[in-house]
Number of protein chains: 2
Amino acid sequence: MKRTRHQHMMKLISEKDIKTQEQLTELLRADGFAVTQATVSRDIKELGLVKTTAQFGGYKYAVQSMPEIEDTSEQLNIFSKAVVSIDSALNQVVIKTYAGMAQAVAASLDRMMSNEIVGSIAGDDTVLLIVRTEETAMLTVSRLKKMFYKRR
Amino acid sequence: MKRTRHQHMMKLISEKDIKTQEQLTELLRADGFAVTQATVSRDIKELGLVKTTAQFGGYKYAVQSMPEIEDTSEQLNIFSKAVVSIDSALNQVVIKTYAGMAQAVAASLDRMMSNEIVGSIAGDDTVLLIVRTEETAMLTVSRLKKMFYKRR
DNA sequence: CTCCAAAATGTATATTTATACATATTATAC
DNA sequence: GTATAATATGTATAAATATACATTTTGGAG
């Protein structure tokens with residue numbers, strides 16, 4: 001449920017100017033997601049959304065596009081800073097990153113999990129991992145996600 | 001005074017992880033800017049700063065980088081001009097484009113169909129889309145083809 | 001299925017942020 | 001210079017957001 005809700009939230013904020021978490025809560029409710037402001041606040045944190053200045057004076061929620069890169073570049077660090085989302089289909093794991101960072105993430109993952117990964121390809125902002133089975137793919141997603149959130 | 005303060009605020013948030021406006025107020029005070037939280041709140045709005053998720057679970061203020069501009073008709077246009085062919089295999093959709101245009105097409109498709117697409121990777125003249133199922137892949141091909149022909 | 005642990009969520013509330021209103025400061029015209 | 005308008009700021013507080021704690025739900029392991 002959380003997963004679907006997160007996706008729906010992204011959709012909502014891309015379609016409308018949402019000023020408050022209360023408003024977002026109501027919209028979610030209207031679409032059948034029974035949540036409270038507290039949960040929305042947590043979701044916003046997890047999705048990395050931000051309250052930003054809107055066109056005409058007010059505020060609205062939006063995705064925070066690009067974090068500044070700082071600190072030293074250890075593997076996990078690169079990973080947690082560059083990754084936007086992680087998903088799988090069949091035996092493929094797809095990792096979306098901020099623009100230009102896919103290469104770095106792929107290299108990092110190659111080093112970290114070379115045994116699970118059959119192969120990897122990186123474009124500009126997407127990494128594709130080929131693993132052996134559908135199960136491995138799902139497992140990999142959940143492992144990567146844990147890693148990802150632990151680091152935030 | 002305001003101008004200088006704004007500059008100093010930018011400097012502060014780039015150097016430190018500032019969690020609250022109260023904290024920023026104190027830092028400004030320590031550097032000789034006599035302000036209150038109210039003013040800081042207004043400054044933040046004017047500077048377009050956002051409270052975003054930090055590395056280790058907390059929040060911090062940061063600059064909100066430019067949001068991408070979405071123009072669906074423009075997207076369609078890029079698409080129809082660049083694409084050469086569309087085909088699928090299993091859960092993968094392969095789109096061939098004229099040389100050097102794959103990146104633009106991929107970006108365009110990402111925005112247009114983010115729900116269907118698990119991930120996309122673009123080389124120079126080929127885009128690979130990963131979707132969830134074989135059915136989705138075929139459906140996507142037919143939708144893209146329709147779109148493609150409508151525009152020519 | 002039962003038990004346990006982890007994750008998710010709600011409730012109530014503390015914390016944080018935005019703003020209405022009053023006052024002060026700065027700029028502009030004369 | 002003075003008068004007037006525009007801008008900036010503080011104070012007090014309303015509004016919005018984050019979170020401690022309690023409860024529910026979910027996901028294995030046996």
Side-chain angles (χ1 to χ4, degrees), chain A residues 1-10 12-13 16-29 31-64 86 88 134-152, chain B residues 1-9 12-13 16-29 31-64:
Chain A
M1 187 86 297
K2 193 180 177 183
R3 186 73 197 284
T4 342
R5 189 180 63 235
H6 278 190
Q7 284 174 353
H8 199 66
M9 285 175 67
M10 296 300 275
L12 284 173
I13 70 152
K16 307 191 179 200
D17 279 16
I18 293 167
K19 288 201 273 237
T20 69
Q21 297 184 0
E22 225 29 271
Q23 187 188 348
L24 184 47
T25 307
E26 279 159 31
L27 289 171
L28 284 167
R29 283 228 164 98
D31 293 346
F33 296 89
V35 278
T36 59
Q37 174 267 324
T39 298
V40 169
S41 170
R42 294 177 187 116
D43 286 348
I44 281 171
K45 189 176 189 174
E46 284 166 27
L47 289 168
L49 301 183
V50 294
K51 191 181 183 179
T52 187
T53 311
Q55 308 251 329
F56 194 67
Y59 292 89
K60 73 168 205 178
Y61 278 93
V63 295
Q64 165 68 325
I86 306 161
S88 74
E134 191 162 354
E135 290 74 45
T136 315
M138 293 189 294
L139 184 63
T140 303
V141 168
S142 89
R143 285 182 55 201
L144 290 178
K145 281 197 172 168
K146 264 186 196 144
M147 216 168 78
F148 180 52
Y149 286 123
K150 190 173 288 174
R151 272 283 167 160
R152 308 196 89 201
Chain B
M1 187 87 297
K2 193 180 176 183
R3 175 66 61 86
T4 342
R5 188 180 64 234
H6 278 190
Q7 285 174 352
H8 199 66
M9 284 175 68
L12 284 172
I13 70 152
K16 308 191 177 200
D17 279 15
I18 294 167
K19 288 200 277 235
T20 68
Q21 296 183 1
E22 215 46 80
Q23 188 188 346
L24 184 47
T25 307
E26 280 160 28
L27 290 171
L28 284 167
R29 284 226 163 99
D31 293 346
F33 296 88
V35 279
T36 60
Q37 174 266 324
T39 298
V40 169
S41 170
R42 294 177 187 118
D43 286 349
I44 281 172
K45 188 177 190 174
E46 285 166 26
L47 290 168
L49 301 182
V50 294
K51 191 181 183 181
T52 185
T53 311
Q55 271 99 289
F56 288 98
Y59 292 88
K60 74 168 206 178
Y61 278 92
V63 295
Q64 165 71 325

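Residue numbers start from 1 in every chain, and the chains themselves are labelled A, B, ... in the order their sequence lines are given, proteins ahead of strands.
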Rounded to the Å, how far apart are B:L24 CG and C:dT17 C1'? 13 Å

Would you mind classifying the nucleic acid contact of B:V35 as base, sugar-phosphate or nothing, using non-hydrogen atoms under 4.0 angstrom? sugar-phosphate

Which residues share a ring pair (Phe, Tyr, Trp, His ring centres under 6.0 Å) with A:F33, sequence neighbours left out: A:H8

Just N and O in the side chain of B:Q21: are any of them under 4.0 Å from OP1 or OP2 of C:dA18? yes

Residues forming a side chain to side chain donor-acceptor pair (under 3.5 Å) with B:Q23, sequence neighbours excluded: none

Any side-chain heavy-atom pair from B:M9 and B:I44 closer than 4.5 angstrom? yes

Contacts of A:K2 that satisfy salt bridge (Lys or Arg N to Asp or Glu O under 4.0 Å) - sequence neighbours left out: A:E46

Any protein N or O atoms within reach of nucleotides 22-27 of chain D? Criterion: under 3.5 Å, listing atom names and distances.
none

Base, sugar-phosphate or nothing for A:F33? Non-hydrogen atoms, less than 4.0 Å. nothing

Find every protein N or O atom lying less than 3.5 Å from an N or O atom of nucleotides 11-13 of chain C, and list the pairs.
none

Holding to side-chain contact (heavy atoms from CB on, under 4.5 Å), I want the full list of residues that pass it with A:E22, two or more places apart in sequence or in another chain. A:T20, A:T25, A:Q37

Sugar-phosphate only, base, or nothing, as touched by B:R3 at under 4.0 Å among non-hydrogen atoms: nothing

Is there a side-chain polar atom (N or O) of B:K45 under 4.0 Å from OP1 or OP2 of C:dT19? yes

